[in-house]
Every structure is written in structure tokens, then in C-alpha cells.
Amino acid sequence: MGIELENLNSEQLKAATHFEGPLLILAGAGSGKTRVLTHRIAWLIEEKDVKPWNICAITFTNKAAGEMRERVNRMVGFGAEAINVSTFHSACVRILRRFIDRIGYGTNFVIYDSDDSKNVMKDVCRSLEIDTKVYKERMFLGRISSAKDELISPGQFLEMAQGDLQEELAGRVYAEYQNRLHRSNALDFDDLIGLTVELFRKAPDVLDYYQERFRYIMVDEYQDTNKAQFVFVSLLAHKYRNLCVVGDDDQSIYRFRGADIGNILNFEQIFPDAEVIRLEQNYRSTQKILDAANAVIANNSARKSKKLWTSNGAGDQLTFRRFHTAREEAVFITEDIARKKRKGICDYRESAVLYRTNAQSRVLEEQLLYENIPYTIIGGVNFYARKEIKDLLAYLKAIDNSKDDLAVKRIINIPKRGIGATSISRIDHYAVSHELSFYEACRMADKIPGIGRGGLKVRAFVDFTEQLKARADGEGPVNILKEVIEKTGYVEELRLEMTDEAADRIANIDELISKAAAYEDAVREAQADSADSQGADLQGFLAEVALVADIDSLEGDSDRVPLMTLHSAKGLEFENVYLAGMDQGIFPTYHAISSEDSSDLEEERRLCYVGITRAKRFLTLTSAQTRLLRGEMMWYKVSDFVDEIPEELLDDNRWTESGASDENTGGSLGEKFGSLSDNVKAAAGSLSHKLTRAQAMKRKEHEEFSQKPFYLKASQTASSAAGKGKGNVAGLRTGADLRAGAALEYAEGDRVSHVKFGEGTVREIREGGRDKEVTVEFDNFGVKKMFAAFAKLKKLDR
DNA sequence: AAGTGTTAAATTTTT
DNA sequence: TTTAACACTT
């Protein structure tokens, strides 16, 4: 029985039944490329008798890989699990785990994330005596990363730098950085690709092994590959030349990270015998949405011309709205989402809000919280970058591989063991001068000069770690984690803090444990493979964790509004899409506008194209006249991209709010909204249990002032020499003033909740000068008197 | 050594 | 607004 191919259009069919030789699929947005890929895999297996394990599909993100995996499983059925579906990075990790010893690393290498890299760079700068005021660590890291993307070694870098002092310095930094990584048997993200290429080049037998293994290679999002990835793929495909790449040059949005759009634009030059197939029929969006996308992208010059079309029908007008403030923008979006939900037009999960920078999520988030609409933020602060997670993972890393200097240094004084900066740098010196790892130096603590009593403490740390190691032997990640938590008292310490923030951290730790458990389950299921040793379990877990950018929060069946950057939206689709922040200077960014390189603007435009084409039915673009940028009010014009959309497609109903179509209404309005936002934040704070540190600090301020309240005019504080911190508080006070006469949502006898004190009952509300004084009897904190404006009390339903 | 407070500086976008 | 680095105190 053959596979079903009749649902494919003729171009898709041609692509899905391409057997051997290079193939370039130019797949416009929403043209069903994943469908084509999965069908082709199924077709190869069933019609051409290709062995599943000879097929390798490579994507960029775990999300994409997971999706593809799922769809392949559904289509192929038996044998599907043997197909290699992975990201570039995880594919390389697997190869390196097996063979990296051929190029002078240990197979138990660790993977450093960007945070780790930065720490290494700090050490490098210190040891090379570089003034980080003049040369920023970030700058060096950026240079190194692009060098690695281009497969340029430190040696080559230095060679090319001849004569240029700055370049030479960068070269020395690169060399030292790489040295340190090597000494710690550590690889950064870029090394994963680069060293695999190096391995392939230096060990032809290994390359041959993988060429035989992966005879049919498919690469998704090919437009985002960089040089190193290109070479990796080319090497793999060189023998059988069965390379199928799928991409859309109009959706290339990672040039800043080294993606080389030339890889797709020149594919036909590199593989002259390549078949080229264009998928231009869009199955996702309405014609009007496509018209808008086509019109915008038409302003770019360097591209393969193509025009999306659909048989889906014209659809609704797109919406454009301009607001005075980002807050109003958020209110509008939130209300529109709520309305569509109410009317049964769109579930929350089908209404996505997209923005250019993560910082923009803030206002939207607050408004959604305020309106009690469930949402998830995709991306943003990386789960695995949180302190508590990194701490515990550092323990696991140190247990797994004591050569991991960074991990050992991180935990040596967690919990506090009285080992401070001085001792650590003594150990470090000793380690470097004796060519020992940091941990080995710790073991010889008594021999380290000048360490004095510190030696005893270090000794104790070593004993502690050795004990953990012994107990960890043969255990899985979950048990090791639990052991670490118990022996270090990490969670216990947090529990004693009794703050919301600590509770939050504990919740994160719980999540980490479930992640570990999920990993163990997955391994158990896939146990058909070789009987890995127990140590590999911990290692595997650490490797996986290192490659996961964010906990996959879009999954799950809960109905939530997804919020994300335009970048993370690539590859996704939603019924109803909001492009928030269509302001010149935000999107396109200030950088792109002021750049003399016009391709910077073109990349922004492609990003806009990506955003527009995420929408299936409804597309709303919003803009705000003023926004708070780093606490400062900024004015913005409407994004040029909006003007690039033909007017007849837009329901351009600007300034729907009463009054004010005057672009010059200014300051007082901003102030008002600035302070209002604090009230909203207050409400948001009590709704969510997730408080940022900033909110916690603000809360502290509130408490201080609610005990000792006094009022100042905002202008007085601002003009005083008090400085920035106080100016902040002035805003809050303005908020209090504004609200002072306002009715409270709760009355005496009502149940209320407070961010810090939890739930309680209102005993008394009294007029107290400018504000109302509320007395609350809290269930766990006794009776407190507070001013209404600061208390941020939220009424509870009985 | 550890905690506190003050100041300067920074932002695209992420595997 | 938020973060990190530095100085200063205990």
C-alpha cells in the first residue's frame, strides 16, 4: 500500500518524490514545506526502500525538530524512530560524543552556554590584563563567535590580523579563550559545529562513516545556515549528493548571528545539477494578508523573486491602530483578544502577540494579568539561565566532570563555606602554574601558599564533593539532583527565606526535577540502543539541557495567549496575530535605520514579512506615539513598514480614543499614564505569584512608605538632588495622589489578598489625609494598617 | 568574607 | 528599567 500523495499539489508532489541528487525547495511562508519533507521521507522509505536510519533531517530549533519528529512518526509508523531528526547542535553533539577524542578533547566534554562563555572571557581579560572599560567582553565574544561561524581558527585569526593592533589583541584573546575551553574540556555553542567540521576534515574514516550513515540529508530553514553549518552539511552530503534543502530567502532573519543568505541564493551555483522547486501556493493566510506581505517584501532588492498566492479568499481587512502610549496599545490588544474569545471567534491560544524586542512584552503582560487573561511568554529569560537552576546544574556538572572549572568555581562557595574571592584566586593561580584543573588544585589545598586557614575550608569542600560523587555513582539525574539538594540544603535555605521570590525559585527547582524525570523516562523508552553506562545518563541530561533554549512552553493543552518576539514566531502560525510596536525606531530598530548598510534594513523587512505571514485570518498592527524606554519617555513615528502596506488593505482607523488627534499632546499625559501603570502593576503583582526582582523591590519601597508615609510633589522630587532611584518613587506617589479619591474595590469585611502578607480580612477603612487607611487582619501576619494606594490589595471572591 | 549601597552603563533579535 | 561592578561597612 503506497503512501497518500494525492493531497499534494503538483509542485509539492514533485518535491516529495524527488529521489536522488541535490534539491532546492524554495518554500514560501505557509506553503506546506514540512508536509513536503515528511511526505518525502515516507516516500523514500516506502517506495524507494531507503532505510530509515539512512535519513537525516536537520532543523534549527528543538521545537521544529520535535514537530517534524511527530509528523514523521505519524506518517511513517514502523521504523520512524530510526530516522535521525535533530537540530544542528544536537546532531553534532552526538557525533562528537563518539569521536571527539580524535581531535584532542575528551568525549565527556561539557557544553558552555553564553553565560559560561562570558565568565571565561572575564578570566581571559583579567589574565591578559585587558581593561574591560575600553574593550568590552561582549565585543570579544562577538568577534570570536563570528570567527567560529566562519571556521577561522585562532591561528588563522592572528595571521590575518598582522599589523592591526586591535585585531591582534582580539586574536590573542581568542587564542587564550580557546585555550581555556580546551583545558576545561569544554565546548561553546559554536564549537559544536566547528569542531565537528574539524573532526570530519581530520578523520576521513569518521566522515566516511557518517556519509554512509546519512545518505539522505534534509535541511530545514536553509536560509539561516552559516558557513560552518554549510560546510558541515556539504561534507556529509559529499559522497552521495542526496542533499535536500528547504528554505525561503525572504525569511532569513539571523544574519546577525552569522547566517549567510548566500548559502541559499547560490545553491544552484554550488550544485549545478540541483533541481529547484518553488512552492508559492500558500495554504495558511487570506489573500489580503498575503498581499500585505508581498507588498512589504517587494521593497527588498536581494532576493529570489516570488509571489505568494492562495485560494483561501480575500478575507477581512487588516487593522492598523495608532495609540498615544504603549499602555493604550496594550489595552486595545488585550480587549480585542478578550472580545474575540468571548464571541467565540478565537481561542486565546490562537491570538498571538508578536513584538520586536523582549522588553516590549512587559506592558502587554501586565495588561493581560490585569484583565485576567491567561498567557505564556515564549523565550525571553531562559529557564536554564536562572541562578538556582545554574547552581544545581553546576553541581551535576562538577560531579560529572571535575575538570569543569567553571562549575567547580560556581559551587565552591554554595552554600556559603567561607571561601571567598581571595582563596579562590589563590587556588586559581596554583592551578594555572601547576597545570592542574581547579578542582585538582582544591584537592591539594594544604600545599597552596598563603591560603592559611582557608585550606581547611577547601578541604571540607573537597570531602563534601567526593562524598556526593560516591553517592551519585550509578544513579540517574533525578536521584543525584535530590541528593545534591538535600546535602547542600539548597531548597531548605530558600524555604527559610519565606519570600515569594524564594518560593518561585523552589518551583523552578521542582520543574528542573520533573525535567530530569522526563529525561529518564525518555531514555528508558529508547533503551533499544546500546546499553549506555550509568554515567552517560547524567551526561546526556546535561547535554540536552545545554541545548534547550527555553522550556517548551508553547506545548500543553492550556488555552493561553502566546507572546513572543518576531524571531521566535518563525515557523508558527495563528488565526489572529497582533504585530505590536510598529514604530519607526522600534521596528525597524534604530540600529537598522541608522546603519549605512542597507541590508540591515532589509533584514528587518524580512522580519516584518515573517510576522505578517504568521497570520491565518486576522492581522492587527499597532503603534504607539510614546513609549517608556529604560524609564524614559520616547516619541515614535509610525513604522515605515506600515506605509509599505497598500492602504486599501488596511482598516486604518487611527485615534479611536476620544479627543487627541494632535500628535503634540505630550508630557502631562505621559506622566499620568506612567503612574497609572504602577497601579496596574500592583494589581498584576497580586494576581501572579511570579514577581520579578524589580517588583519585589518596589514592594519593599511600598512597605517602607506605608509605614512612614509622606507626600511630595513629583516635580519636587524630580528636581531635587535625590537622583534616579527616588524619582522612581515619586512616580508611585503620583499614583497614590491620583487614586486617593477613587473608590476602593473592597469594603470592610471583604476578603483581600496582599502580595506579601497573603490573604486577610478588611477590618477598617478610614479616610486618612490624602489617602485611605486600611486595616487588614491577615491570616498569617496579624493586623496591619496600610495606605490603600500602597497596599495593592486585591479583592477576593468569597 | 559577606552584606549593603551607590553608580554607570546598556539593548536588538537566539541555537 | 534593570543589571553589574565597585566601594564601603560590618
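Here is how names work: the chains are called A, B, and so on, in the same order as the sequence lines, proteins then strands, and each is numbered from 1. Worth saying up front: this structure is predicted, and the values here are computed from it rather than measured.
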Scan [X] against the nucleic acid and name what it touches under 4.0 Å (heavy atoms): base, sugar-phosphate only, or nothing.
| X | answer |
| --- | --- |
| A/Lys122 | sugar-phosphate |
| A/Asn358 | sugar-phosphate |
| A/Lys457 | nothing |
| A/Thr589 | base |
| A/Phe60 | sugar-phosphate |
| A/Asp190 | nothing |

Measure from [atom1] on [X] to [atom2] on [N] and round the result to the nearest Å.
| X | N | atom1 | atom2 | result |
| --- | --- | --- | --- | --- |
| A/Glu137 | B/dA9 | CD | P | 14 Å |
| A/Leu141 | B/dA10 | CG | P | 15 Å |
| A/Ile111 | B/dT14 | CD1 | P | 20 Å |
| A/Asp600 | B/dT13 | CG | P | 15 Å |
| A/Arg386 | C/dT3 | CZ | P | 12 Å |
| A/Phe230 | B/dT15 | CZ | C1' | 20 Å |
| A/Met139 | B/dA10 | CE | P | 13 Å |
| A/Leu628 | C/dT2 | CG | P | 10 Å |

Report yes if a side-chain nitrogen or oxygen of [X] is closer than 4.0 Å to either non-bridging phosphate oxygen (OP1 or OP2) of [N]; otherwise report no.
| X | N | answer |
| --- | --- | --- |
| A/Asn226 | B/dT15 | no |
| A/Thr422 | B/dA1 | yes |
| A/Arg362 | C/dT2 | yes |
| A/Thr61 | B/dT14 | no |
| A/Lys63 | B/dT15 | no |
| A/Ser568 | B/dT14 | yes |

Less than 6.0 Å separating the ring centroids of A/Phe641 and A/Phe587?
yes

Answer yes if the ring centres of A/His89 and A/Phe60 are under 6.0 angstrom apart, and no otherwise.
no

Answer with yes or no whether the side chains of [Y] and [X] bring together a donor and an acceptor at under 3.5 Å.
| X | Y | result |
| --- | --- | --- |
| A/Ser599 | A/Asp597 | yes |
| A/Ser595 | A/Asp600 | yes |
| A/Asn263 | A/Thr225 | yes |
| A/Gln223 | A/Asp249 | no |
| A/Glu365 | A/Gln367 | no |

Residues of residues 578-588 of chain A with a heavy atom under 4.0 Å from any atom of DNA chain B, listed by number, are none

Whole-Å C1' distance, C/dA4 and B/dT13
22 Å

Nearest to the [X] side chain among [options], which nucleotide is it?
| X | options | answer |
| --- | --- | --- |
| A/His567 | B/dT12, B/dT15, B/dT14 | B/dT14 |
| A/Lys136 | B/dT12, B/dA2, B/dA10 | B/dA10 |
| A/Lys416 | B/dA10, B/dG3, B/dT12 | B/dG3 |
| A/His89 | B/dA10, B/dT14, B/dT15 | B/dT15 |

If you look only at pairs with a residue in residues 415-428 of chain A, which of them pass as a salt bridge (Lys or Arg N to Asp or Glu O under 4.0 Å), with sequence neighbours excluded?
A/Lys409-A/Asp428

Can you sort out the partners of A/Arg614 under salt bridge (Lys or Arg N to Asp or Glu O under 4.0 Å), two or more places apart, ordered by chain and number?
none

A/Tyr254 on top of B/dT13's base, within under 5.5 Å and under 30°?
no

Which residue lies toward the 5' end of DNA chain B, A/Leu629 or A/Gly418, if each is placed at its nearest nucleotide?
A/Gly418

